[in-house]
Structures are given as structure tokens and as C-alpha cells.
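Reckoned from all heavy atoms, side chains included, excluding hydrogens, waters and symmetry mates. Bear in mind the structure is a predicted one, so any value in this text is a computation, not a measurement.
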Number of protein chains: 2
Amino acid sequence: MKIATWNVNSVRTRLEQVIDWLRQTPVDVLCLQETKVVDADFPRSPFEHLGYYVYASGQKSYNGVAILSQQPLQDVSTGFAPLLVESGIVEAELLAALDEQKRVIAGTLDRVRIVNLYVPNGAAVGSEKYEYKLGWLKVLREYLRSQLLVSPVMCVCGDFNIAPDERDLHDPDKLTGQIMASELERQALQEILALGFADAFRKFITEGGHYSWWDYRTAAFRRNLGWRIDHLYLSPQLYQQAIACWIDPAPRKLPKPSDHTPVVVEF
Amino acid sequence: MKIATWNVNSVRTRLEQVIDWLRQTPVDVLCLQETKVVDADFPRSPFEHLGYYVYASGQKSYNGVAILSQQPLQDVSTGFAPLLVESGIVEAELLAALDEQKRVIAGTLDRVRIVNLYVPNGAAVGSEKYEYKLGWLKVLREYLRSQLLVSPVMCVCGDFNIAPDERDLHDPDKLTGQIMASELERQALQEILALGFADAFRKFITEGGHYSWWDYRTAAFRRNLGWRIDHLYLSPQLYQQAIACWIDPAPRKLPKPSDHTPVVVEF
DNA sequence: GCCCTCCTGG
DNA sequence: CCAGGAGGGC
């Protein structure tokens with residue numbers, strides 16, 4: 001089985017590229033972020049004709065996540081709302097506010113709980129959006145903790161907007177401490193991973209210089225000035241079973257690409 | 001010699017298509033309308049590399065005209081300003097106001113005065129913009145009259161936003177009297193032609209159903225719901241010498257086309 | 001429908 | 001640099 005994650009920066013603009021990629025790389029599950037489209041306008045049929053079931057949770061202009069799966073998914077849920085059933089952990093009003101931004105969708109395939117995330121960008125360290133990101137990550141941890149109780153076999157993936165360590169930045173001296181590489185973000189991520197998740201990519205590749213995102217500005221891709229911020233985190237049993245994990249840089253080389261490129265894990 | 005006119009609806013957006021068309025149809029002179037770019041940002045070098053001299057008069061967002069010529073042009077002028085030298089015919093303030101909209105550029109090649117026009121659209125009959133169009137056409141007549149005194153051999157071409165008669169409309173019963181086919185616009189055009197110009201296209205093709213513009217809306221091109229509003233008007237000597245005139249529908253069939261297609265006259 | 005500008009977001 | 005959207009023009 002193969003699961004992939006890809007921030008496509010508008011699924012409508014990138015439709016042809018995503019379809020082409022799936023033809024070349026027919027993963028079982030593709031998790032998309034930044035779809036930027038309400039569910040009613042999601043381009044379902046091109047994916048359905050390719051043999052994928054489509055599960056989407058989107059909004060106008062911003063954010064938006066979706067899961068494409070060759071097999072139907074069970075127990076599809078969107079947002080942090082499932083936390084509400086265990087009331088008391090997080091205030092209902094806070095959850096409702098967080099869920100206005102469509103950043104979370106989950107579903108189950110063969111007892112594997114797949115959680116697809118678009119973590120807030122955070123703008124700049126110390127900004128209001130940075131505080132929002134940190135708050136969101138705290139709620140994410142509670143959400144994943146409660147999901148683990150019912151589904152201990154999990155793949156948590158998506159655009160985390162966090163480079164876990166210096167190997168994941170093209171210029172750690174300059175970028176460490178900046179957004180996506182600040183102490184508090186990395187700590188928040190580590191506290192999530194401490195629930196029992198491990199980085200699929202790092203099971204196979206330990207050296208630095210492998211990136212999943214390159215800024216559109218300053219010709220960053222041509223100069224390989226990247227960040228590794230798109231991740232596939234696995235619970236212990238799945239991590240054991242992983243036999244490969246790779247970043248596919250090809251889509252980032254196309255004309256009019258997304259600024260992110262897909263990451264795939266294979267079991 | 002071949003002279004062509006083409007409303008490209010943004011020369012930057014259509015750059016590749018215009019270059020491709022010139023490679024296939026290396027006219028001596030190409031008159032462009034709706035370039036929608038200030039002169040400093042006009043994409044000169046692609047045309048220069050093709051062997052064309054570039055003369056442009058543009059503004060931000062709207063209007064804008066340009067002449068591309070394989071030979072350098074003499075006495076290039078922009079706007080109605082040349083009328084100012086014969087003061088008294090039209091008020092200087094009116095001319096200055098009209099010339100804020102970049103709709104006129106002229107130049108001389110081999111004693112042929114080439115005048116490239118983007119006539120105001122006029123919105124709807126009776127509107128303020130309609131009155132502007134009629135006023136503009138009156139000034140145009142005075143402008144052409146004064147140009148004829150110094151350059152009796154003329155080719156006046158461009159997007160006239162007027163269909164001269166019923167043959168130039170796909171549905172004359174419905175469209176006659178509407179904008180681009182109203183009595184006053186047609187009269188104003190006839191008063192201009194009475195200075196001594198004749199329609200190059202009508203020297204060769206007298207039947208209706210030949211169009212140069214199809215609205216982007218309502219799939220007008222697919223259904224051939226067009227208008228013939230792009231014209232090449234010739235002074236008597238040139239009209240005698242014309243050996244062909246045709247509309248090239250090919251560019252209108254491309255993806256992301258202009259809503260107009262080129263018209264060419266050959267001497 | 002498809003241009004343009006200007007805005008916000010990344 | 002590249003998305004989406006709003007607003008105006010044709």
C-alpha cells in the first residue's frame with residue numbers, strides 16, 4: 001500500500017498535474033492540502049474516473065483538505081469536531097472557531113486511520129498567526145491522542161509548515177528560529193510525535209538536503225533553496241511495516257507547479 | 001506589401017500567439033489594438049527579434065495601440081494631437097482629454113500613411129459612453145481630413161466597433177439599432193469614409209457572414225455569432241492597388257484567444 | 001468569458 | 001512568484 005501527501009495550492013488550478021501524477025504514481029491514498037475550493041465545486045469526477053473515491057473538506061480561497069482513495073474509506077470525519085464527543089478536553093467554542101478553517105480530514109482504510117492535515121503557516125514568529133499556529137498544534141495533540149484510543153494504527157500526514165531539524169532547511173544558520181523552524185513550533189511538533197509517531201522519511205534517509213517545499217519567490221527551486229515541511233508520521237506498527245518513503249520532485253519541475261511536491265510512503 | 005489589423009486584447013497575454021501568427025503570416029505591418037500596457041512595459045524585444053520595429057502608445061489596463069513594421073516608419077504620431085497644429089478646428093482641451101485614452105497611432109511607410117485606431121466601444125446606445133464614441137468619431141473625421149492634406153495615400157485601420165451594414169452582423173434583425181450597429185454610429189462612419197476611403201474587404205467579398213469579432217460569452221465563436229467590426233479603409237489609389245483582403249479565423253480557434261481575429265490587406 | 005488592477009495570503 | 005476574489009470594462 002502507498003499513501004502520499006501533496007499540498008497542491010489549488011486543486012482546480014493543478015487538476016491536470018494531479019491527474020497526470022496519479023496516472024504515473026497510482027498510490028492507494030493521496031492526501032491533498034490547500035485545495036482552495038468549497039466541497040460543491042471540488043472536481044470530483046476526474047478523480048472518480050481514475051478510480052478514486054473523493055472525500056473533501058474545503059472553503060473559499062484558503063485552506064481546504066481532501067483524501068483520494070482507491071478503496072472507500074470508513075468513518076470519514078472533518079475538523080477537530082470528533083474531540084467534542086470527549087467534552088471537557090477542549091472548549092466547544094474554541095473547536096468551532098478552529099474548524100471554520102478547513103485543515104483536518106480523516107478516514108479509515110484497512111484499520112489504518114489516515115489523518116490529513118494542513119497546519120497553519122504562522123506568518124512570522126511572534127505574530128498573531130504564530131500564536132494561532134501554536135494553539136492549533138496543542139489542540140491537534142489532544143485530537144490525535146483521542147483518535148489513538150480508538151484507532152491505534154495511524155498515518156498522520158500533510159503540510160506541517162514545520163521543518164523538524166537542521167537537516168530539513170537549506171540554510172539552517174539563517175533559518176533556525178524563523179517561522180517553520182522556531183523552537184516553540186518544533187517543541188509542539190515533538191510533543192505530538194511523543195504520542196508515538198515516527199517520521200517515515202527518516203526511517204530511510206538520514207542525511208539533509210531533501211526538501212518538499214520551495215518558495216515561488218527568488219527562484220528557490222532552481223537554486224534548491226528548500227524546506228522539508230510535508231511529512232508522513234506513523235504509529236509504531238505502521239512504522240515497522242514501512243518499506244520505502246520518498247519525495248518526488250518531478251511535479252515541482254513542471255510549468256505552473258505547486259510550490260510543494262508529493263511525499264510517498266509504502267508499506 | 002501586406003498590412004494587418006488585430007485587436008489582441010492584451011499584447012502581453014497574447015504575446016506567443018501574435019509571434020506565432022507573424023511567423024506564419026509575415027505581414028509588413030501589423031496594427032494592434034487593446035495592448036493594455038504602458039510603453040515602458042511593452043514587450044518590444046520578441047518582435048524586434050522577429051525583425052519588426054515597434055511603435056507603441058499605451059496606458060495601464062485599457063486601450064493601447066501599436067504598430068509593428070518590418071521597415072522603420074516615418075513621422076510617427078500618437079493621439080489626435082497633430083490636429084492641434086491646425087488650431088481652431090477642435091478645442092485644445094477636448095483633444096487633450098480624448099488623447100488620455102490611447103486609441104490612435106500613425107506612421108508613414110513608402111508614402112503610405114498608416115493610421116491605427118481603437119474606436120471607443122460605446123457600451124449601449126444612448127449611454128454616456130455612446131455619446132463619447134460619437135464625439136470621438138467626429139474628431140476622428142477632422143483628424144483624418146487634416147492628415148489627408150499632407151498624406152493623401154492612406155490606410156486607416158483598426159477596431160472600429162462598428163458593423164457597417166447588415167452583412168456584417170450574424171443576426172441583423174435583432175442587432176440592428178443596437179451598439180455597433182446603430183444609425184448614428186453608421187452615419188458617423190459613413191461621413192468619415194466620405195473623405196475618400198473604401199473598405200478593402202468589400203472589394204473582394206460582397207456576401208455577408210464574414211466576421212472579425214465573436215463575444216467571449218455564450219460560446220459565440222463555436223456558433224459563429226460574429227460581427228465584422230475590424231476594418232482596413234483605403235484611399236482611392238491604394239484601393240485600386242489592393243489585390244486581396246481576408247480575415248484569418250485561425251487565431252480565434254486557439255486556446256485562450258483574443259476575441260478578435262486578424263484582417264489582412266495585400267497590395 | 002476573459003481581460004485588467006488591487007488586495008490578501010503564502 | 002503564484003494562488004483566489006472583488007470590481008470594472010467590453
Novice: Of the listed nucleotides (C:dC3, D:dA3, D:dC10), which one gets closest to any side-chain atom of A:Lys256?
Specialist: D:dA3
Novice: Any side-chain N or O of A:Lys60 less than 4.0 Å from the OP1 or OP2 oxygen of D:dA6?
Specialist: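 Yes, because at least one side-chain N or O of A:Lys60 sits under 4.0 Å from OP1 or OP2 of D:dA6.
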Novice: Can you check whether B:Tyr233 and B:Phe160 have ring centres sitting under 6.0 Å from each other?
Specialist: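 Yes - the distance between ring centres of B:Tyr233 and B:Phe160 falls below the 6.0 Å cut-off.
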Novice: In whole angstrom, what separates A:Arg217's CZ from C:dG9's C1'?
Specialist: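 Taking atom C1' of C:dG9 as the reference, CZ of A:Arg217 is at 9 Å.
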Novice: Rounded to whole angstrom units, what separation is found between the NZ atom of A:Lys36 and the P atom of D:dG4?
Specialist: 6 Å
Novice: If I take atom CE in residue A:Met180 and atom C1' in nucleotide C:dG10, what distance separates them, rounded to the nearest angstrom?
Specialist: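 These atoms are roughly 9 Å apart.
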Novice: Could you state the atom-to-atom distance from CD of A:Glu34 to P of C:dT8 in whole Å?
Specialist: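 Checked: the CD to P distance equals 18 Å.
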Novice: Taking the nucleotide of DNA chain D with the nearest heavy atom to each, does A:Asp215 or A:Thr13 sit closer to the 5' end?
Specialist: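 This one resolves to A:Asp215.
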Novice: Distance check needed: D:dC10 C1' versus B:Tyr216 OH, whole Å only.
Specialist: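 Computing the B:Tyr216:OH to D:dC10:C1' distance gives 10 Å.
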Novice: Which nucleotide in the set D:dG5, C:dC4, D:dA3 lies at the smallest distance from any side-chain heavy atom of A:Arg12?
Specialist: D:dG5
Novice: Rounded to whole angstroms, how far apart are OH on B:Tyr62 and P on C:dC4?
Specialist: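 So the OH-P distance, B:Tyr62 to C:dC4, works out to 11 Å.
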Novice: Taking the six-membered ring for Trp, is the centroid-to-centroid distance between B:Phe201 and B:His231 below 6.0 Å?
Specialist: no
Novice: Are the aromatic rings of B:Trp136 and B:Phe80 close, with centres under 6.0 Å apart?
Specialist: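 Aromatic pair counts; centres sit under 6.0 Å.
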Novice: Considering just the side-chain nitrogens and oxygens of B:Lys129, establish if one lies under 4.0 Å of OP1 or OP2 belonging to D:dC10.
Specialist: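 True: B:Lys129 side-chain N/O within range (under 4.0 Å) of D:dC10 OP1/OP2.
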Novice: Please report whether the ring centroid of A:Trp227 lies less than 6.0 Å from that of A:His170.
Specialist: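 Yes - the distance between ring centres of A:His170 and A:Trp227 falls below the 6.0 Å cut-off.
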Novice: Using whole Å, what does the distance between atom C1' of nucleotide D:dC1 and atom CG of A:Asp259 come to?
Specialist: 9 Å
Novice: To the nearest Å, how far apart are A:Arg14 CZ and D:dC2 C1'?
Specialist: 8 Å
